Amino acid sequence: MNTEIERIDSLRSLLHRHNYNYYVLNDPEISDREFDMLMKELEELESRHPEHFDPNSPTRRVGSDLSGGFTQERHIYPMLSLANTYSIDDVDAWVKRVDEGLSGQEVTIVGEMKFDGSGISLIYEHGRLVRAVTRGDGEKGDVVTDNVRTIRSIPLQLQGEGWPDFFEIRGEIVLPWAAFERLNAEREAAGESLFANPRNAAAGTLKLLNPAEVARRGLDAYLYYLLGDNLPYDNHYDNMMAARSWGFKVSDAMTRLHSIADVDKYINYWDTARKELPVATDGLVFKVNSLRQQLNLGFTAKSPRWAVAYKFAAERALTRLRFVSFDVGRMGIITPVANLEPVLLSGTIVKRASLHNDDIMRTLGIHEGDMLYVEKGGEIIPKITGVDVDARQLGARPVEFVSHCPACGTQLIRVEGEAAWVCPNKEGCIPQIVGRIEHFVGRRMMNIDGIGEETAAQLFAHGLVRNPADLYDLQPHQLETIEGFAAKSAQRVVDGIAASREVPFERVVFALSIPYVGETTAKKVARAAGSIDRLMAMTTPELEAIEDVGPRIARTISAFFADAENQVMVARLRQAGVQMEIAEDHSSAPVSDTLSGKSFVISGVFSHHSRDEYKNMIERHGGKNVGSISKKTDYVLAGENMGPAKLEKAEKLGIPIISEDDFLKMIEE
């Protein structure tokens, strides 16, 4: 037994070192297979010796699928924001103020990269990670230690020597471009909304309640500031170099600068060089190097005087328009798309950018072959912001919006009061048919694994699926005739279709592709109706009485179920065993009428329960959830970081603002 315990300790130390070599130094000493074999051996030994559990073991990197949510903890040192500058002149002026504030002392400035992610505070005791806390409101944040342990570039056990017994190190949790694009591709295939940028994706991932999913997404981390009472050096730069030797990932961009000229040169260099980095950045940070000088300069109410951030301008590129194409969505909406000469923008090659609709295209005044300004500004969806009219080719003609559907040739119609042109040929336009099939199988709808955009198109092309009801007639041997399907993958799809019969009625309503009925509206409509029979029989006024269902949505629901083909599809889905009524759910059953007649707005981040759980509690106790504050609102249930606009409006209208604890006492009584 002692021999196995010794082997566990040896393997943990060895795997910590290999993790550091691979994820921080990018210089692995062993192959992936050798690493996996060592990890497997450690997992087996740990399973035999649960008494030797260690939360910082390398095996914990994959994350457990269990989490008790997040508690909040006050920061040892407040995490203040930095003052922002937007020009080299502003940074130069800051350097001069620093010089003046230090009465002519020799000053060294440290320049470093401002990574675009989510701030984190890491606490180490005796060389081991013990706590990780998000920035939160600067005074306190969420404890996300289990999730941070899955990030392989963050050391769980320090290496080398010389670290204090207790210290804090701060940094940025980021999602590299490659991982970000993979994640958004997965979400797009599943019919989920895309993350706008890596920063949002990193922040959202860090707050997931499933550490295993956090581990899968591939977060990274760069550390940039060391705090504590017994730091090894009296200056920022040497402390960070020491941190690097202990196993922390410190950016190579961190550099000592000795003059304004050095600062300006640093800015000019990274304004271009940052585009080659594997992670998103939105600026640079400049800090006074000496810790004594930092103390002398002190703080304003919101930020340190000894540091400043320089923000890069939103990235903009000029590239030539090749042609404008017109995409057809599942609802028949036609979207113009600018197809561009490839251009590098915010770390990715941009070839296409949406022009949104006819009105926007006309406002831009785009002509054939124009040179177009494309911006990303950290956003994943590039946008056309202007035209270089001076570069326009002689005789170039304006780009005209199409009058007929590019897929089926049907004349387009425009709904009065709306910007979109629509193809009305819903049953004969292939992109609409395929789009509805793809939507139906998506993760938040029927969650049928193995069918994406390409497979949906193949199923239609082979004559196997024309509407979602046809999916339930599929047999494995039929799928095996399609390129890319083997016996195993065909059976997986059929099994996924069978499992979808258990999907709740609310998601079935969303999956049907009723115009203007999104996920939230589908849930409210399904719960109000209770069954598909009742929903199909409801009059327009009855539908309008449902919360958040206005006249337009009510009309489209009525029109959808009045259509003969949709009626047949619903009948076939029912026959296939798809859920067509609200299942009895005791978690949503009424508990009391304590909150009867009271309406609540929920805002902020909560520690005891999630927002959805609070919404459920309100409804189960007879209350009503509303999305915006008005005179009719009775209470605002406020968590941390409540939106300032909502706070101001609630105070102006005299609406009581209650905390989580206040609310929980209210329903207990």
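Residue numbers run from 1 in the order of the sequence given. These figures come from a predicted structure and were not determined experimentally.
- The minimum heavy-atom distance between A469 and L573, with the atom names listed, is CA-CD2, 3.7 Å.
- Both the sub-6.0 Å distance and the 45° axial angle are satisfied by R552 relative to the ring of Y516.
- Rounding to the nearest 0.5 Å places OG1 of T540 at 12.5 Å from CD1 of I553.
- Judged purely by distance below 3.5 Å, without hydrogens or angles, the side chains of S513 and R436 never pair a donor atom with an acceptor atom.
- Within the 4.5 Å cutoff, no side-chain heavy atoms of T410 are placed close to those of H404.
- Side chain of S558 to main chain of R555: no donor-acceptor pair is present (N/O by atom type, distance under 3.5 Å, no hydrogens or angles).
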Checklist entry - What's the verdict on salt bridge (Lys or Arg N to Asp or Glu O under 4.0 Å) for D282 and R274, showing C-alpha distance, side-chain angles and the deciding distance? => result CA-CA 9 Å; D282 63 350; R274 67 188 172 95; over 6 Å; no
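- Put simply, the residue from L394, D388, V389 that forms a side chain to side chain contact (heavy atoms under 4.5 Å, CB included) with R392 is V389.
- Within the 3.5 Å criterion, the main-chain N or O of M445 finds a donor-acceptor partner in the side chain of R507.
- Between the side chains of D220 and S153, a donor-acceptor pair is found at a separation under 3.5 Å.
- Separating the CE atom in M569 from the CG atom in N467 is a distance of 6.0 Å, to the nearest 0.5 Å.
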Next on the checklist: Quick one, K523 with E519, criterion salt bridge (Lys or Arg N to Asp or Glu O under 4.0 Å). Give me CA distance, side-chain angles, the key distance, then yes/no.
Outcome noted: CA-CA 6 Å; K523 186 180 295 185; E519 186 173 10; 5.8 Å; no
Item to check | Check against ring pair (Phe, Tyr, Trp, His ring centres under 6.0 Å), F600 and Y614 | outcome: CA-CA 10 Å; F600 290 77; Y614 278 121; over 10 Å; no
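- Panel note: side chain Q491, backbone K488; no donor-acceptor pair is recorded below 3.5 Å.
- Judged by distance alone, the side chains of D327 and T335 never bring a donor and an acceptor atom under 3.5 Å apart.
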